[in-house]
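Values below: all heavy atoms of this structure, side chains included; hydrogens, waters and symmetry mates excluded. Numbered from 1 within each chain, the chains take letters A, B, ... in sequence-line order.
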Number of protein chains: 2
Amino acid sequence: MDEKRFEKQLQFILELDKEKNILRQTHLSGHGRRENDAEHAWHMAAMIYLLREYANEEIDLAKAMMMALIHDVVEIDAGDTYAYDEEGLATQKEREEKAADRIFGLLPEDQRDDLRNLFEEFEDYATPEARFARSMDNFQPLLLNDSNDGGDWKTHDVCRAQIEKRHETTERGSKEIAEYAMQLIDKHVKKGNIVEKK
Amino acid sequence: MDEKRFEKQLQFILELDKEKNILRQTHLSGHGRRENDAEHAWHMAAMIYLLREYANEEIDLAKAMMMALIHDVVEIDAGDTYAYDEEGLATQKEREEKAADRIFGLLPEDQRDDLRNLFEEFEDYATPEARFARSMDNFQPLLLNDSNDGGDWKTHDVCRAQIEKRHETTERGSKEIAEYAMQLIDKHVKKGNIVEKK
């Protein structure tokens, strides 16, 4: 064992631990507390495995799962940006690139490059794995929110067009799941949990 | 899409959410709060990907990662059993088998069998993936505890023999990581964080 290499790997692994303290806007099912990045990524990775039959394209499972597991790591420095926070979204890219340099830079070079590539692919919808992982990134909070009578949408007072815009990208990874997602959104508009227009 | 099949998959995925509320004895780095099952599994799966070069045998990455992601799912019904709780350990097997029947039974049959197999393999150290995933199951809390000056060991007043017994199985998945783990344990005995003998 090359101990220096191993120590670098461990330093990155310990850094990852901080994702457990980064809260998202989504609440756990059963009207629970807010979810954190690690929990969200865990859920997404399991969904990739369980729902892979609905992916538009064939995917490398391990690659897609690892992509999901680390896709939010930059939030350790850059914080979580809510999908409907327009101010935050304007500076998100720059803040996240800087964070990626520092955090992936903890790893040995070969793994730094591998994880950075996974992260960039995800950001850019560049591969089948990225497209399907991003579908899960959209669909996972939708499922939780559906189980909570749309509580997160009500809190943030988002309208149908905003939600549909976000979920447009779901079909790039899975047409079938995107269609189901649109039905769920429709249901919550009818129930008054999502406003039709602002 | 077979909607009935999809609904079963979603029911299982929503059931998984409950793992985020099952607390372990391990505390997060930085002397943080207690970790939950979902966070632990997320951390383990990322470690499988990052540390695979140290596995004794070649492993199928996606299989080992999924095994890690769901290995604690039975605790939704059976609760977490601390590694050094001897009373709890005596009834653990029975409680967990019953939970596995119910929880994996939510899935369509093919996936019920697939996940049940992953779970049983993990329990029985039956495959290279199971042996390496179990090494990570041991090593992940050791890393956190090391970062917290052995706080969890001090709280539970465990001695060297107990910890070494637990970590004996680490070498079945990775001799190199097991050796490193033993050095860490040694360090904490010397620092007085682990008692030499009870």
Using a cut-off of under 4.5 Å for heavy-atom pairs, which of A:M1, A:Q111, A:M66, A:M65 has the most such pairs with chain B?
A:M66

So, the part of B:E35 with a heavy atom under 4.5 Å from chain A: the answer is side chain

Using a cut-off of under 4.5 Å for heavy-atom pairs, which of A:E3, A:E176, A:E39 has the most such pairs with chain B?
A:E39

Is the distance between the ring centroids of B:F6 and A:Y54 under 6.0 Å?
yes

May I ask you to say whether B:E97 pairs ionically with B:R116, meaning some side-chain N is under 4.0 Å from a carboxylate O?
yes

Report which part of A:D37 has an atom under 4.5 Å of a heavy atom belonging to chain B: side chain, backbone, both, or neither.
neither

Is the closest basic N to carboxylate O distance between A:R95 and A:E75 below 4.0 Å?
no

Identify which part of A:Q183 has an atom lying under 4.5 Å from any heavy atom of chain B, answering side chain, backbone, both or neither.
side chain

Quick check for you: among B:L16, B:I48, B:L107, B:N21, which has the greatest number of heavy-atom pairs under 4.5 Å with chain A?
B:L16

Report yes if the side chains of B:K18 and A:L28 come closer than 4.5 Å at any heavy-atom pair, otherwise no.
no

Kindly confirm or rule out a cation-pi arrangement of A:R172 over A:Y125, judged by NZ or CZ under 6.0 Å from the six-membered ring centre and within 45° of its axis?
yes

Using salt bridge (charged side-chain N to carboxylate O under 4.0 Å, His left out), reason through A:E15 and A:R102 one step at a time and then give a plain yes or no.
CA-CA 11 Å; A:E15 185 73 19; A:R102 183 189 75 78; 2.7 Å; yes

Is there any salt bridge (charged side-chain N to carboxylate O under 4.0 Å, His left out) pair reaching into residues 47-62 of chain A, and which pairs are they, with sequence neighbours excluded?
A:E53-B:R5, A:E57-A:R131

Between B:L10, B:I70, B:L115, B:L61, the one whose heavy-atom pairs under 4.5 Å with chain A are most numerous
B:L10

Go through the atoms of A:Q140 and report whether side chain, backbone, both or neither lie under 4.5 Å from a heavy atom of chain B.
side chain

Between A:A62, A:G30, A:A38, which has the largest tally of heavy atom pairs under 4.5 Å with chain B?
A:A38

